[in-house]
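Report on the following structure.
Just so it is clear: chains get the letters A, B, ... in the order the sequence lines come, proteins before strands, and each one is counted from 1. Every value quoted in this text rests on a predicted model; they were computed, and no experiment measured them.
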Amino acid sequence: MEDIIVVENLHKVYKMGDVDVHALRGITLTIKKGEFISVMGPSGSGKSTFMNILGCLDKPTSGRYLLEGNDISSLDKDELANIRNKKIGFVFQNFNLLSRSTAIENVELPLIYNGISSDKRSKHAKEALFMLGLDGREKHYPTQLSGGEQQRVAIARAIINKPSIILADEPTGNLDSNTSIELMEIFKRLNKDGKTIIMITHETDIAAYAERVVMFRDGKVMKEELRSKEKLHEPVSRV
Amino acid sequence: MNPLVAFRVSYRALRRNKVRSILTTLGIIIGVAAVITMVSLTQGAKKIIEEQLTSLGGNSLIINSGSRSRSGVGNSIGKKNTLSPDDAEAIRKLSTITHVSPILDTTEQVVWGNRDWFTALVGVSPDFVFINGWFPERGSFFHNEDVKNAELACVLGKTVASKLFGYQNPLGKTIRIGNISFKVIGVMSSIGQTPSGKDQDDIVLIPYTTLQKRILGVNHVDNISVSVRTSKDIPFAEAQITQLLRERHRIRPNMEDDFYVKTQLNIIERIFTISKIMTILLGSIASISLIVGGIGIMNIMLVSVTERTREIGIRMAVGAKERDILIQFLIEAVVLSLTGGLIGIVLGIVGSKISSFFTHWPTLVSFGSILLAFSFAAIVGIFFGLYPASKASKLDPIEALRYE
């Protein structure tokens, strides 16, 4: 499989007043197309910063980030927005749905910024919601949906522009264990359909759905664990 | 993002905060309504002034004999009597002229019974009343027939009437002017003093032919008073008259005029300048409320940006560019101000009708003032929407997503 993401010696330094905070201290990682990766690590280990950079929401202080062979650091803000729109789908812990928009309006959002016409938008969005078992819920507002349903709306939104990468930041963090398992099944299915999935999680049994687990500590990759297909679903060993 | 979609997104956002949106628009509504009402009121006032000017002879001019050069207008030494009644008849045929009256004046003793009074005796034609918008209060004025026959009829000014007759009715009485007996056929209404304090009612009006032939024994006239349709015609009329009289008096091109035309254009222009200043003044006072309304919009837009920080973050995460966010919030501000503008126009028209009802002024809601107020509202919306919108578009998506 070809490399979809290559990062080399990635550094990120934040200025907090007079103090420099090193969030990333030289991350080097290669992710192949169609991989399912878990990123684990204690809070403050830099995994969120790493995800923000992978998601083109932030730029590294130094180091290289190649996305499908293109160097991201040379792109301007509009081009980064374009990549977020077309190549990357985000799933957040707190769902991040527009609370005053209906499920279908939320799913349509990335299509609006992709310049898709209104009738095509609602058709695509309806299909995506149907695929995630949410048919009949199009006109519901997020508050009228359960946590699991809200996260599925968020996933529908993440995949609506057919991106190759899905970035999930603790997607099960706000869900109970049964709903979490349902959700992970959805991720597995998406992975099978060819999506590259990179997921941050605290929970070892959730991380266990991934083929590869990357452990972060103090802004560095501390350990990588490659898991054979048979061992999938077995809990990842704790750091 | 195409503008229509942006418009729909903005419209939906505004509808979610209906009360707030309406209150925000109120500033613009009041501003626009105030501008339109104020401007239409001053336009109405201007029209009234214009009408009164016309009725007071603001559309008239006077041709005097003599030259206005070197020796000066006021210097009558060597002044020749160059104007004739025929000149007046020729001027009457010009296209811009509506009324013409030859004028001669002198001073005479007028006597009735044991009372006498020394007053201005002025010979005119019946057109005189129309030129000056000054009509008899009692009785009538003399007619063209009377002028032709040099009749011994007179119309008294208010002052003369009261000096000679007190509370008695002067109509039909016979008075003596100089040595000649005249029949009183009318009394003029009162027009009061000139700005310099001369009593304009201290006058006796008789046919100019009577004054020429029976009293003064001359053939010329002192001056010719004419009126034009509106004060705007005055400059052209002046040119026409000058050309005509130069031809009639056979004045060679390098020679000076032997007459001069006096207009009240200066005064009229000054009054129009004043009313223009009033329009600008009241309009700009009203505009201040528009600006205040604009600040209200900016205030609410800033609140809205802060409130919707997370929404902005989400939109950026799914691919909104800075420009998309900027346009979204800008359109919201402009929709607010334009909606306010439209409602303000309606209220402004209603307001000027109401104030017209109470002040009895004709108010003129001009298309110009509507356009001005509306485009001003749009500019206010863009101007005061720009800062909050740019603030929104410059948000860091990571911070915005984290915002609680």
Side-chain angles (χ1 to χ4, degrees), chain A residues 12 14 23 48-53 55-59 75-102 105-118 121 141-142 153-154 156-161 163 167 169, chain B residues 1-21 300-301 303-332 335 389-404:
Chain A
K12 181 71 190 181
Y14 292 109
S48 284
T49 307
F50 181 62
M51 285 293 255
N52 287 338
I53 291 172
C56 295
L57 288 167
D58 205 354
K59 280 184 161 192
L75 300 182
D76 65 24
K77 282 181 171 177
D78 282 1
E79 289 167 318
L80 290 178
N82 223 350
I83 289 177
R84 293 199 295 271
N85 185 238
K86 297 193 179 71
K87 300 206 158 135
I88 295 166
F90 288 96
V91 179
F92 301 95
Q93 176 175 5
N94 52 8
F95 322 131
N96 271 339
L97 297 174
L98 297 184
S99 57
R100 288 166 156 191
S101 298
T102 59
E105 284 169 354
N106 267 290
V107 177
E108 279 182 31
L109 204 55
L111 295 174
I112 290 179
Y113 297 112
N114 198 6
I116 309 288
S117 67
S118 121
R121 281 207 303 269
Y141 286 91
V153 172
R157 183 181 65 188
I159 61 172
I160 191 79
N161 265 336
L167 296 178
D169 191 347
Chain B
M1 189 156 67
N2 82 50
L4 197 72
V5 178
F7 179 82
R8 227 178 290 153
V9 169
S10 310
Y11 176 71
R12 218 179 293 156
L14 291 176
R15 256 204 4 208
R16 272 178 211 128
N17 275 313
K18 251 185 230 140
V19 176
R20 185 202 279 179
S21 300
I300 285 301
M301 291 308 294
V303 170
S304 172
V305 167
T306 311
E307 263 182 4
R308 285 150 70 191
T309 298
R310 192 203 271 275
E311 174 193 327
I312 295 162
I314 294 170
R315 287 179 184 276
M316 285 176 161
V318 302
K321 299 182 176 70
E322 276 189 17
R323 192 162 30 96
D324 296 326
I325 304 291
L326 184 87
I327 288 172
Q328 182 190 333
F329 281 87
L330 202 54
I331 286 182
E332 273 181 41
V335 166
S390 110
K391 207 180 155 197
S393 71
K394 293 273 164 16
L395 284 176
D396 175 19
I398 299 167
E399 300 274 331
L401 278 170
R402 231 180 265 150
Y403 187 86
E404 288 301 327

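- Here the closest non-hydrogen pair linking Phe92(A) and Ala317(B) is CZ-CB, 4.2 Å.
- In this structure a side-chain-to-backbone donor-acceptor pair under 3.5 Å is present from Asn85(A) to Val318(B).
- The closest donor-acceptor contact from the side chain of Arg100(A) to the backbone of Arg16(B) lies at 3.5 Å or more, if one exists at all.
- Open room surrounds NZ on Lys77(A); 12 or fewer heavy atoms of other groups in view lie less than 6.0 Å from it.
- Between Ala81(A) and Lys321(B) the shortest heavy-atom distance is CB-CG, 3.8 Å.
- Between atom CG of residue Leu401(B) and atom CG of residue Leu57(A) there is a gap of 6.5 Å, rounded to the nearest 0.5 Å.
- The distance from the OG atom of Ser99(A) to the CD1 atom of Ile314(B) is 8.0 Å, given to the nearest 0.5 Å.
- More than 12 heavy atoms of other residues, nucleotides or ligands lie within 6.0 Å of OH in Tyr14(A), so this atom counts as buried by the packing criterion.
- If you measure heavy-atom distances from Asn106(A) to chain B, you find no contacts under 4.5 Å at all.
- Note: Asp76(A) CG to Glu322(B) CD = 9.5 Å, rounded to the nearest 0.5 Å.
- Within the 4.5 angstrom heavy-atom criterion, only side-chain atoms of Asn52(A), from C-beta onward, approach chain B.
- Using a 4.5 Å cut-off between heavy atoms, Arg12(B) touches chain A through its side chain atoms alone.
- Ranked by heavy-atom pairs shorter than 4.5 Å toward chain A, the options Asp396(B), Ile398(B), Leu4(B) are led by Ile398(B).
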Audit row: Asp324(B), Ile112(A), side-chain contact (heavy atoms from CB on, under 4.5 Å) steps and yes/no: CA-CA 10 Å; Asp324(B) 296 326; Ile112(A) 290 179; over 6 Å; no
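- Atom-to-atom distance recorded for Asn96(A):CG and Arg310(B):CZ is 4.5 Å, nearest 0.5 angstrom.
- Ranking Asn161(A), Asn94(A), Leu98(A) against chain B, the residue ahead of the rest is Leu98(A), based on heavy-atom pairs under 4.5 Å.
- The contact between Leu97(A) and chain B is made entirely by backbone atoms, counting heavy-atom distances below 4.5 Å.
- With rounding to the nearest 0.5 Å, the separation of OH in Tyr113(A) from CD1 in Ile325(B) is 4.5 Å.
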